[in-house]
Peer 1: 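Handing you this structure, nothing more for now.
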Amino acid sequence: MISIKNLHKKFGNLHVLKDVSAHIAEQEVVVIIGPSGSGKSTLLRCINYLEQPTEGEIVVDGIPLTSEANINKVREEVGMVFQRFNLFPHMTVLQNIALAPVKVRGMQRAEAEQVALVLLEKVGLSDKANAYPEQLSGGQQQRVAIARALAMKPKVMLFDEPTSALDPEMIKEVLDVMKTLANEGMTMAVVTHEMGFAREVGDRVIFMDEGRIVEEGLPDDVFLNAKEERTKAFLSKIL
Amino acid sequence: MNFDFELIIQSFPLLLMGAGVTVQITVLSVGFGLLIGMFVGIARLATIWPVKMLAAVYVDFIRGTPLLVQIFLIYFALPLIVGQRIDPFIAAITACSVNSGAYVAEIFRGGIQSIDKGQMEAGRSLGMTWGQTMRYIILPQAFKRIIPPLGNEFIAMLKDSSLVSVIGFEELTRRGQLIIARTYGSFEIWITVAFIYLVMTFTISRFVDYLERRYKTDDKH
């Protein structure tokens with residue numbers, strides 16, 4: 001579904017991604033972990049070209065990311081959920097979700113709102129359709145953000161630290177929604193510090209440090225029998 | 001010194017007509033200025049460098065030269081290029097619009113830049129183009145934030161429009177000059193002219209305050 005080959009990303013002199021290659025299969029849930037500054041968010045953001053790779057090749061669902069037209073096509077198929085939700089504050093929850101299907105897919109407004117309502121029910125927020133983002137808690141906002149991304153019927157979902165900005169008691173409600181998605185067979189790439197989620201839901205874990213993939217494997221293998229010293233050192237600090 | 005109240009009462013209707021013209025120039029100029037300013041403000045944020053540079057040159061030129069000189073340029077120099085005389089009304093509106101556009105551009109640029117960049121990323125990640133995201137996500141939020149500075153620009157333009165009196169265009173200030181030339185009542189007329197300007201600017205600033213309160217210039221709906 002996603003194939004990344006020899007990816008490099010530099011911000012000026014800062015070499016953030018160094019020769020990263022990875023592959024995400026259809027219906028696979030890949031969890032990317034690592035210390036801050038290890039390049040895991042940048043890697044995720046390169047997949048839908050929010051960051052432009054300095055070098056390397058990315059192919060999403062058979063579409064190589066080369067021209068502007070391709071990039072927009074890929075973005076239609078790849079949903080993204082951000083750490084800070086990034087809901088549109090001047091629109092209601094319903095409008096937030098229905099906007100892109102109308103403007104990008106050319107869907108009728110009424111139909112898009114119907115889709116939005118179904119998705120809101122899925123994330124457990126049917127009663128918030130006409131609320132504005134500021135009236136919702138962080139966890140609710142993030143669930144709306146997930147619904148907004150799903151409204152485009154993406155083939156892949158990218159999660160960039162979706163629970164890092166949340167109060168502890170709200171983390172579970174967001175993870176539960178993500179779990180449901182994973183169980184339904186959504187292809188997912190998740191950058192997170194939630195190791196419980198990684199072990200329970202992840203099909204594969206990628207550990208990154210200093211811009212490289214240090215180790216990857218089945219969650220239990222990585223968490224219980226890490227081969228690399230750096231992985232062990234990182235895990236010992238957070239588990 | 002004699003203060004001639006009778007003169008004020010007699011001249012008042014004429015001055016008010018002038019004030020009407022002043023409002024007309026201001027509304028038209030700020031209106032066109034908004035249109036110019038929106039595009040130029042966005043152009044200043046463009047990644048295509050010729051577009052960006054052109055916008056910067058325009059803003060720098062207008063902000064770096066006096067409006068009075070710009071009015072002369074348009075009224076006296078432009079006819080030489082176009083090959084025919086320009087109507088003072090057209091010249092006045094053109095000069096003020098082009099001038100206002102540069103200031104409004106900077107207001108728009110600031111407003112757009114003040115919107116969290118996560119908003120653009122969210123829009124783009126949903127597959128919307130840059131233009132769509134600008135139109136549906138960024139600009140509606142930026143608009144609310146720039147209401148106060150746009151109000152200031154409106155007030156500034158209302159006062160600066162007095163400069164078009166130099167090309168003989170009969171707005172409030174010019175009307176005053178003409179009446180004084182006839183009656184020699186400079187003190188009475190100038191105090192009245194000043195008072196009319198004050199009433200107009202005061203009204204606008206109250207109106208902007210009202211808009212600001214109504215739209216609560218923070219991020220909310």
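Just the heavy atoms: all of them, side chains too, but no hydrogens, waters or symmetry mates, feed the values below. Numbers restart at 1 for each chain; the letters A, B, ... are given by sequence-line order, proteins then strands.
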Peer 1: Measure Phe88(A) against the heavy atoms of chain B and call it side chain, backbone, both or neither at under 4.5 Å.
Peer 2: both
Peer 1: Hey, which of Ile71(A), Leu158(A), Leu99(A) has the most heavy atom pairs under 4.5 Å with chain B?
Peer 2: Leu99(A)
Peer 1: Does the plane of the ring in Phe169(B) sit parallel, tilted or perpendicular to the ring in Phe89(B)? Use 30° and 60° as the thresholds.
Peer 2: tilted
Peer 1: Identify which part of Arg45(A) has an atom lying under 4.5 Å from any heavy atom of chain B, answering side chain, backbone, both or neither.
Peer 2: side chain
Peer 1: Is Gln132(B) in contact with chain A via its backbone, its side chain, both, or neither, using a 4.5 Å heavy-atom distance?
Peer 2: side chain
Peer 1: With a 3.5 Å cut-off and no angle check, do the side chains of Ser41(A) and Asp160(A) form a donor-acceptor pair?
Peer 2: yes
Peer 1: Taking the six-membered ring of Phe202(B), is the NZ or CZ of Arg206(B) close enough (under 6.0 Å from the centre) and on axis enough (within 45°)?
Peer 2: yes
Peer 1: Under a 4.5 Å heavy-atom cut-off, does chain B meet the side chain of Leu87(A), its backbone, both or neither?
Peer 2: backbone
Peer 1: Does atom OH (Tyr197(B)) have a neighbourhood of more than 12 heavy atoms from anything else shown, all under 6.0 Å?
Peer 2: yes
Peer 1: Looking at Glu76(A), Lys103(A), Met80(A), Met152(A), which has the largest count of heavy-atom pairs under 4.5 Å with chain B?
Peer 2: Lys103(A)
Peer 1: Tell me yes or no: between the side chains of Gln142(A) and Thr163(A), is some donor less than 3.5 Å from an acceptor?
Peer 2: no
